[in-house]
Amino acid sequence: MEENLETLGLPVLDAVNLRMGDSSGPVAESLAEAFETLVELQEQGMIRHLGLSNVLPEQVAEARAIAPIVAVQNMYNLAFRSDDALIDALARDGIAYVPFFPLGGFTPLQSEALLAVATRRDSTPTAVALAWLLQRSPNILLISGTSSAEHLRENVAGAALVLSAEDLAELDQIGG
Ligand SMILES: NC(=O)c1ccc[n+]([C@@H]2O[C@H](COP(=O)([O-])OP(=O)(O)OC[C@H]3O[C@@H](n4cnc5c(N)ncnc54)[C@H](OP(=O)(O)O)[C@@H]3O)[C@@H](O)[C@H]2O)c1
């Protein structure tokens, strides 16, 4: 941790996520020992806020019984909605939810419904997918990945797109 702070030239890290599980997703195991280590670093003043990543709802509860968290970063997008109930529960408690792979990951989401809504709204599938996430819940914060300035502009435009009830109903069928 000291090395991280030195590399970044910072006295304290604003937020640090404990990343659990593996590349296939969360694993049902205790996170207590690792989380307690981060809590100690927080108590020593090196971390302001703690978060969790790639975790199950039970692990979120386990961590919150030890110390407060400000965010959960898990895989979630229009087509992968395992965390629907978790997102709503976190929203009620004022905890942020940061979807990773918000566009589906390495191969962006493709679906007829997404294309239909994008065409009707004179937008693009990625902008619509991001707009849907922003409208899904007020606690959703977005970090979408791109290596292209053009894609970045297109994705940022999604933030201004307000989807109608008809759009949302059509898009909801993708994850259903
Ligand atoms: N905590 C974790 O465990 C975890 C795991 C995975 C990812 N993450 C984080 O989550 C964030 C997002 O993940 P991600 O970038 O892998 O997934 P993503 O945002 O779902 O998708 C990124 C992919 O979509 C493409 N894309 C982006 N905008 C596009 C557009 N307008 N049109 C066409 N293709 C477009 C990108 O290609 P181009 O480069 O060509 O635009 C890239 O291949 C990152 O900050 C990442 O570090 C966290």
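Both ligands and their constituent atoms are indexed starting at 1 by order of listing. Here, residue 1 is the first one in the sequence, and each next residue gets the next number.
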Ligand 1 to [X] polar contact by distance, N or O atoms, under 3.5 Å:
X	result
Asn54	no
Thr146	yes
Gly104	yes
Pro102	yes

Original post:
Any ion pair linking Arg81 and Asp172 (charged N to carboxylate O, less than 4.0 Å)?
Top reply: yes
Could you tell me the residue and atom name of the protein heavy atom closest to [atom], and the distance to it rounded to 0.1 Å?
atom	result
atom 30 (C) of ligand 1	His151 CG, 3.3 Å
atom 16 (O) of ligand 1	Phe101 CE2, 3.2 Å
atom 45 (O) of ligand 1	Ile143 CG2, 3.3 Å
atom 10 (O) of ligand 1	Phe100 CB, 3.5 Å
atom 23 (C) of ligand 1	Gly105 O, 3.2 Å

Subject >> Separation between CZ of Arg153 and OG1 of Thr146, rounded to the nearest 0.5 Å >> reply: 10.5 Å
Original post:
Rounded to the nearest 0.5 Å, how far does CG of Leu133 lie from CD of Gln135?
Top reply: 10.5 Å
Is there a chain of hydrophobic side chains (I, L, V, M, F, W, Y, each step under 4.5 Å between heavy atoms) that links [X] to [Y]?
X	Y	result
Val98	Leu134	no
Leu41	Val70	no
Leu141	Leu130	no

**OP:** Could you tell me whether the side chain of Met46 reaches within less than 4.5 Å of the side chain of Glu2, counting heavy atoms only?
**Re:** yes
Subject >> Ligand-side contact atoms (ligand 1) for residue partner Arg19, heavy atom cut-off under 4.0 Å >> reply: 2 (C), 3 (O)
Subject >> Atom indices of ligand 1 within 4.0 angstrom of Phe106 heavy atoms, with elements >> reply: 43 (O)
Select one of side chain, backbone, both or neither to describe which atoms of [X] lie under 4.0 Å from any atom of ligand 1, heavy atoms only.
X	answer
Pro108	side chain
Ser147	both
Asn155	side chain
Glu154	side chain
Met75	neither
Leu103	both

**OP:** Using protein heavy atoms only, decide if any is under 4.0 Å from atom 19 (O) of ligand 1.
**Re:** yes
Subject >> Nearest atoms (heavy-atom pairs only) where Leu114 meets Ala129 >> reply: CD1-N, 4.0 Å
Original post:
Do Thr7 and Asn4 have a side chain donor and acceptor closer than 3.5 Å?
Top reply: no
Original post:
Residues in salt bridge (Lys or Arg N to Asp or Glu O under 4.0 Å) with Glu166, at least two apart?
Top reply: Arg120
Subject >> Donor-acceptor contact present, side-chain Asn77 to main-chain Leu103, <3.5 Å >> reply: no
Subject >> Heavy-atom nearest option to atom 15 (O) of ligand 1, drawn from Gly145, Ser53, Ala157 >> reply: Gly145
**OP:** Verify whether the ring centers belonging to Phe80 and Phe101 lie closer than 6.0 Å.
**Re:** no
